[in-house]
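Both counts, for ligands and for their atoms, begin at 1 and track the order of listing.
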Amino acid sequence: MMVFQESVCHPTLFGRLLGLKSVRLYHDTIVIGQGRNAVTLTADELSALPEYKEGWFSARWHIYSHARELTVRLLPKKMLASLHQQVVKTLIEAAPQRIKQTHLQFITQAGSSYLRDSHIAPLSARIAQMVALYSETWPADKPLDAASIQTLHKLQQVNPLGHYAEALRARYETLQLEAQRHFLDNVEANPLTLAQRQAVIRNNDHNLVLAAAGTGKTSVMVGKALSLLATGQAHPSQILILAYNSAAAAELKARIQQRATDTGVPCEGRPAVMTFHALGRHILHQSGITPALSVFTHNKQALEEWATEWLKQDIAHSDQQLHTFMQMLYQPVDPFRFDSPAHYEAYLRDTEYRSLQGERVKGYQALLIANWLYMQGIDYTYAPGPPANSAIAPVDFQITGTQVYLVHHTLDRHQQPQPGVEKAAYLRLLSETRKWYRAEQATLIETFHYQWSEGQLTSVLKTQLSKAGIRLQARDKADIIARLEEQNALELAAQRFLSCLQAIRMEQLDETAIATRLQQHGVINAELYAQVLAHFHRAYQNELSVQQAIDFDDMISRATTCVENAQWKPGYRHILVDEFQDISTSRMALLKSLLEQGPAPILTAVGDDWQAIYRFSGGKLALTTEFERYVGSHTVTRLEKTFRYNSSIAHTAGQFVMANPYQYKKRVDAHEQVDEAQIYLLDDLVYGQQDATQRAKHIVAAIRKKSPGDSIAIMARYRFLLEDARTTLQPLSQDNLFYWTFHGAKGLEADHCILLGFNHGKLGFPSQNKADILLEALLPAQDEFAYAEERRLFYVALTRARHKCYIIADPLAPSAFITELTEPSYQVNIASDTFTEAFRAVYKCPSCDSGYYKKRKGQYGEYYQCSAQPGCSSKPRMCKTCSAPAINTGNGWLCRNPAC
Ligand SMILES: Nc1ncnc2c1ncn2[C@@H]1O[C@H](COP(=O)(O)OP(=O)(O)OP(=O)(O)O)[C@@H](O)[C@H]1O
């Protein structure tokens, strides 16, 4: 450090009268002026030698730093000259040392370590300052020593550093690849590939290791942790490794320890390998916060009971809450938002609206009317049936024991029906209907869609019914609540609220954010829902404080607060995160707090955007795909060589996942090249009967015969399918036979995989279960490609197999994925001609266009039913000649089989 001899130079008398400033040298600083307005510069900040300028009666002094230029005037010549000489002398004397230090800093940050983004600007500025100070303004009469000149010259050649960063990093990598060659050859069972080595060596502030399935992410995690220890870059306690779940954490921990022993890397106090939750618990514990874990975390039933009871109390509390609840019980839907009546009908087919009275009604607005009538104590008959005269429209309600009828029209204020409905025809029918009721001397009460959208529906109903002489006598609230309980409505609503609550907590949404999300998703009554959900969230938090307990989300969010408030100081210098594609907003917040509050730690995030399958539990894929935006500038290393599966599986699985244009494009090379397709598509027919698990059993037996020692995994989207398979396969030896759900198979591998359950429908794959629009809006955003997450899940499933993958599917009701896989470009080995389009066309339901006719067994023998039922109620017969489905054309039954 440069230190000045203390001295001061006050302005001349004239200068003082003008209020000009003094200059003082104190320790290593130059202080200009006095008191609060004084400007302070350290000697280290000077970017050029100061300039002394003499005038007639006084002198002035110019000083330069990187950030500013200062001039002090009207100073006594002699005093300023002496002060100036001292500063110049100090700077000159310090030159060789300062240049050396700068060089050392350069070597440390850009030569013997990976140049970090955060080091570029400060180091670059430092070099620029040295160059400016010691080469540009250097006095000719005091030559700099040769070594310093040479060093300065070298530094000048790589500045600005930003331009040379990649070259410097490449140089570092080359040196490290050589220096750590032996270690990286042996740290895992197989020598690491070049990309794996680069992922180990690269230590930018933020590092994203973007991989594909089976490319050895685990090897990178193990190799990186041990390399940091072996090269002395970190002490074990300075490394934190975060795994997605405890099984993965345990496996990683054991593997690191084993490999450390095998390679002789000292690993006492081995790196912390844990889940985000375990880290949260650790931080809370160390911060002296040790609340119990809520009973809700391990007893879902207790949680649901609490939520149901809370809802019950809440609606019992006020009429307004009950009213709100009744509006929210079913998701409001606006027929005018559908582009055709067919789409609206399809939506209605999939949604069952059940009124308080118990009947199934045709739409949301009819439901509101039915429930309102019930709550007002008015007995009614729903859809009393059209009168004999078929020229009039059917009405919706008849008030029991009266000639009062009620019809709700889907018309807007301008008498416009919903899109796709012909206005003239609608109005003609309406006019006929009115005429008919008038002639019958019956009262026809009419309500309209616009009254609902303008919030007037119930007040209109009230006025109209009173006018028609119907007495309204509100039912007791307790009766209504009892009715809701009988119908399980409170319990179902509580379950729905709880799913939303989970998303709200993982996504860390407040009331405004909830409302915004709901509005963006076009949810009707978004603000009302937001209010109620925020109210429910507060009640939940309150309940946890009453229990003096926390849940898993708290474990992470409260730990984040502890780190942010400096209640707990992180000491990690390296943070490695596995399965980064699945981390949630709240986990990211904890990670960010560690990065911001720690000793400038280095983050290495290892993930595969193709394998993001945990959106339902908060996994936010955008954190990976928009890493720059969420995390910051970074270095990407791609692992694109797979060791698990062959080129056939790599081709089919890769093409399948990349059919979604929103996924990253990757070229996955397989270690093992094969000429023939190794993914087989098989039908589920065994001796003419459909039985997928029997088919699986035959395949297992065949594999066992040919390759007795090989492992086999039976895999399905749903656990219940695995249970069925287990029962069927029970007689076979269970050695080396595994049963995995597609989600549970993440990270696992087997020689052969048999995949089941590719039906069409809600419990098929892809699942056609329509997600709740509320939950959809609250979960992390996803791309618009249909079944994007299910598609990734299929990718995970396909890539578990080392050798062969057998897909068993129903050719009569293939799911969309199977139909897609039969395209020649996928190069799947299709082992049955039942998957041809011509064959499928025979079974395709012409009524709903999405289902297939499936054979079922009933008490009177076999019959066909559409796989989209209950949404589709098409009822084909079985052709007496060829057993294919036959449909009613209006002129008789026609077999769908063209060859019949
Ligand atoms: N450099 C290598 N040379 C040979 N085999 C390797 C190499 N790296 C990893 N492997 C092997 O590749 C297989 C897959 O590795 P690993 O399970 O780490 O992959 P992964 O990227 O985690 O896959 P997934 O994401 O699908 O779980 C393992 O059998 C592993 O031993």
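- At a heavy-atom cutoff of 4.0 Å, ligand 1 is contacted by the side chain of Gln196 but not by its backbone.
- Ligand 1 does not have Ala211 within reach: every non-hydrogen atom of the residue lies 4.0 Å or more from it.
- Annotation: side chain of Val796 is not in contact with side chain of Trp610 (no heavy-atom distance under 4.5 Å).
- Atoms of ligand 1 lying under 4.0 Å from at least one heavy atom of Glu749, given by number and element, are 13 (C), 14 (C), 28 (C), 29 (O).
- The shortest N/O to N/O separation between Gly216 and ligand 1 falls below 3.5 Å.
- Not close to ligand 1: Thr799, with no non-hydrogen atom less than 4.0 angstrom away.
- Atom 24 (P) of ligand 1 lies below 4.0 Å from at least one non-hydrogen atom of the protein.
- Arg792 and Asp609 are not joined by a salt bridge, as no carboxylate oxygen comes within less than 4.0 angstrom of a charged side-chain nitrogen.
- Interface atoms of ligand 1 facing Arg644, defined by a heavy-atom separation under 4.0 Å, are 14 (C), 17 (O), 19 (O), 23 (O), 24 (P), 26 (O), 27 (O).
- Shortest contact from atom 31 (O) of ligand 1 to any protein heavy atom: Asn190 ND2, 4.7 Å.
- Taking distance alone, with nitrogen or oxygen atoms compared against 3.5 Å, Ala213 stays at or beyond that limit from ligand 1.
- Under 3.5 Å, the side chains of Thr637 and Gln198 contain no donor-acceptor pair of N or O atoms.
- Within a 4.0 Å radius of atom 14 (C) of ligand 1, the protein contributes at least one heavy atom.
- Distances between N or O atoms of Arg800 and those of ligand 1 include at least one value under 3.5 Å.
- Side chains of Thr635 and Arg202: no donor on one and acceptor on the other come within 3.5 Å.
- The closest side-chain heavy-atom distance from Ile583 to Glu579 is not below 4.5 Å.
- When only interatomic distances are considered, the shortest N/O to N/O separation between Pro191 and ligand 1 falls below 3.5 Å.
- No salt bridge links Asp262 with Arg255; every basic N to acidic carboxylate O contact stays at or beyond 4.0 Å.
- If you number the atoms of ligand 1 from 1 as listed, the ones under 4.0 Å from a heavy atom of Gly747 come out as 27 (O).
- The ligand atoms of ligand 1 that sit less than 4.0 angstrom from a heavy atom of Ser219 are 8 (N), 9 (C).
- A salt bridge links Asp751 and Arg802; the closest N-O separation between the charged side-chain nitrogens and carboxylate oxygens is under 4.0 Å.
- Contacts of Lys746 with ligand 1, taken as heavy-atom pairs under 4.0 Å, are absent altogether.
- Between Asp205 and Arg116, at least one side-chain nitrogen of the basic residue sits less than 4.0 Å from a carboxylate oxygen of the acidic one, meeting the salt-bridge criterion.
- For atom 22 (O) of ligand 1, the nearest non-hydrogen atom of the protein is Thr218 OG1, 3.5 Å.
- Neither the backbone nor the side chain of Ala189 comes within 4.0 Å of ligand 1, counting heavy atoms alone.
- For atom 11 (C) of ligand 1, the nearest non-hydrogen atom of the protein is Phe643 CB, 3.7 Å.
- Ring geometry for Phe758 versus Phe742: interplanar angle of 30 to 60°, hence tilted.
- Within the 4.0 Å heavy-atom criterion, neither part of Glu188 lies near ligand 1.
- The pair Glu640-Lys666 fails the salt-bridge criterion, with no side-chain N (NZ, NE, NH1 or NH2) lying under 4.0 Å from an Asp/Glu carboxylate O.
- When the options Tyr630, Tyr244, Phe627, Tyr614 are evaluated for a ring pair (Phe, Tyr, Trp, His ring centres under 6.0 Å) with Phe580, the one that passes is Phe627.
- Residues Glu676 and Lys804 are not paired through a salt bridge, judged by the lack of any N-O separation under 4.0 Å between the basic side chain and the carboxylate.
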